[in-house]
Amino acid sequence: MKRLNIGILGFGTVATGVADLIRENHAEISRRTGYEFLINNIFVRSLDRANPYNLPLTTNINEIIMNPEIDVVVELMGGIEPSLTYIKTALEQNKHVITANKALIATHGNELFKLAAEKGLMLMFEASVAGGIPVIKSLRESLIGNKIESLAGIINGTGNYILTEMKEKGRSFSDALADAQALGYAEADPTFDVEGIDAAHKLTILASIAFGIPLQFDKVFIEGISKLESDDIKYADQLGYTIKHLGIAKNLSEGIEIRVHPTLIPKKELISNVNGVMNAVLVKGNAVGPVLSYGAGAGGHPTASSVLSDLADISRMLDADKEHYVPYLAFQNQALSNAPILPQAEIYTAYYLRIKAVDQPGVLSDITHILAHHDISIELMIQTKSVEDNLANIIMTTHETKEKAILDSIRQIEALTNITGDTTLLRIESFGS
Ligand code: HSE
């Protein structure tokens, strides 16, 4: 039996999952690939740690990245440095690389793919987006006959877990976050989860693969869920919507939208019903129509399942000519497009507004006058008494309009004498499936 020699960097939840799967599923893996997967060595910070299968451990990184016996280096440490330096060195040493590191691919992928291409090596990252869902492979390979028009995803399990717990159990934001951390879903810095940075890393990668553009994390519009109020979850529910933290990318003739923000979605749509730590990615291709992939977006075994898929691909391509590799970002490296990423103020969508106003005659007419002046059409409106004396919550949804128009309107509405506090602005999307 041929052998694939693997060096792993890091021995956390995902690396432990990889070790578990290689042990539990080795017969199935060999039947499928014709290879035995062997973990030669694992780079750890300290040898004083749990090691259930007595795998070889080292605190000397060179024993992996400079070791000529190792075919593939699997980076599962996370963070930018030293992972970036280790991956570059591994590529320079002619090793194929697999990483689950979305932050690294989103922010340094362009230079890493260039280096890998120069060396004729594979650099794979299925585990970097949506945990166990094979979304990269399906976009890059199975949907190759389509022009991808748009994608929308719940791509952060921690955020989805928090929103689900808040909505279904009325739990507080901080309680639900503490649970997600204890369950091992959250990033080392959980602000990456709740402020949308983790989702933006993943969306950057998906948008590149879907539309054939370079990775452009710095152009993604990002809004988190930490300021979302339970009142808005409740009002959205009354209006027939669920709020999800979505990553959305659209390929339009005038440019590309890439944005992460809390989003109201009609309750009847499938993606509205993706709950807990589960992730889902909805892709629309011009031939296939909508395709929804659903699965565990975080956790050791699901993420390790994606790492194993990359290991299998590498084992199959080890002796192949590099021209036969699937391109890193799904499109030929020299064929990436320079389509502009649209500024957020230029996007068109529908909106949810919650305005706090003094409850007296004329207030509503002032508000609707401003919206009409900006050519914004109101879809529906409810007014509720606020707990504060003589204040009303005016909740409105609009038809599709330009974001700049809604922002300009809010500025004028907030300047009215009878309006108090900040207006809540959320976006509404409907995917029709
Ligand atoms: N913190 C991430 C999440 C882990 O909650 O989805 C998987 O990338």
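Note that ligands are numbered from 1 as they come in the structure, with each ligand's atoms numbered from 1 the same way.
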query = What about the rings of Phe43 and Tyr86, do their centers lie closer together than 6.0 Å?
reply =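 Ring centroids of Phe43 and Tyr86 are less than 6.0 Å from each other.
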
inquiry  = For Glu195 and Ser226, which I'm curious about, is there any donor-acceptor pair between the side chains at under 3.5 Å?
reply    = yes

task = Classify the side-chain pair Thr58/Glu63 by whether it contains a donor and acceptor separated by less than 3.5 Å.
result =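 Yes, side-chain donor-acceptor contact under 3.5 Å.
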
task = Please confirm whether Gly297 comes under 4.0 Å of ligand 1, counting heavy atoms of the residue only.
result = yes

key: Heavy-atom side-chain proximity of Asn279 to Tyr294 below 4.5 angstrom   =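 No - every pair of side-chain heavy atoms lies 4.5 Å or more apart.
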
Going by the order shown, which atoms of ligand 1 are within less than 4.0 Å of some heavy atom of [X]?
X      : value
Ala298 : 4 (C), 7 (C)
Gly157 : 3 (C), 5 (O), 6 (O)
Asp193 : 1 (N), 2 (C), 3 (C), 5 (O)
Lys202 : 2 (C), 3 (C), 6 (O), 7 (C), 8 (O)

message = For Thr401 and His399: C-alpha separation, side-chain torsions, deciding distance, then whether side-chain hydrogen bond (donor to acceptor under 3.5 Å, both in side chains) applies.
response = CA-CA 6 Å; Thr401 186; His399 289 287; over 6 Å; no

ask   = So which heavy atom in the protein is nearest atom 2 (C) of ligand 1, and how far is it from that ligand atom?
value =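 Of every protein heavy atom, Glu187 OE2, 3.1 Å lies nearest to atom 2 (C) of ligand 1.
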
task = Distance to 0.1 Å, residue and atom name: give those for the protein heavy atom nearest to atom 8 (O) of ligand 1.
result =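 The answer is Lys102 NZ, 2.6 Å.
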
key: Full working for side chain to side chain contact (heavy atoms under 4.5 Å, CB included) between Asp313 and Met122   = CA-CA 9 Å; Asp313 275 359; Met122 283 177 274; 5.6 Å; no

ask   = Can you tell which part of Asp198 has a heavy atom less than 4.0 Å from ligand 1: side chain, backbone, both or neither?
value = side chain

query = Is Thr158 touching ligand 1 with its side chain, its backbone, both, or neither, if touching means heavy atoms under 4.0 Å apart?
reply = both

query = Could Arg140 and Phe125 be counted as a cation-pi pair, given that NZ or CZ must be under 6.0 Å from the ring centre and within 45° of the axis?
reply = yes

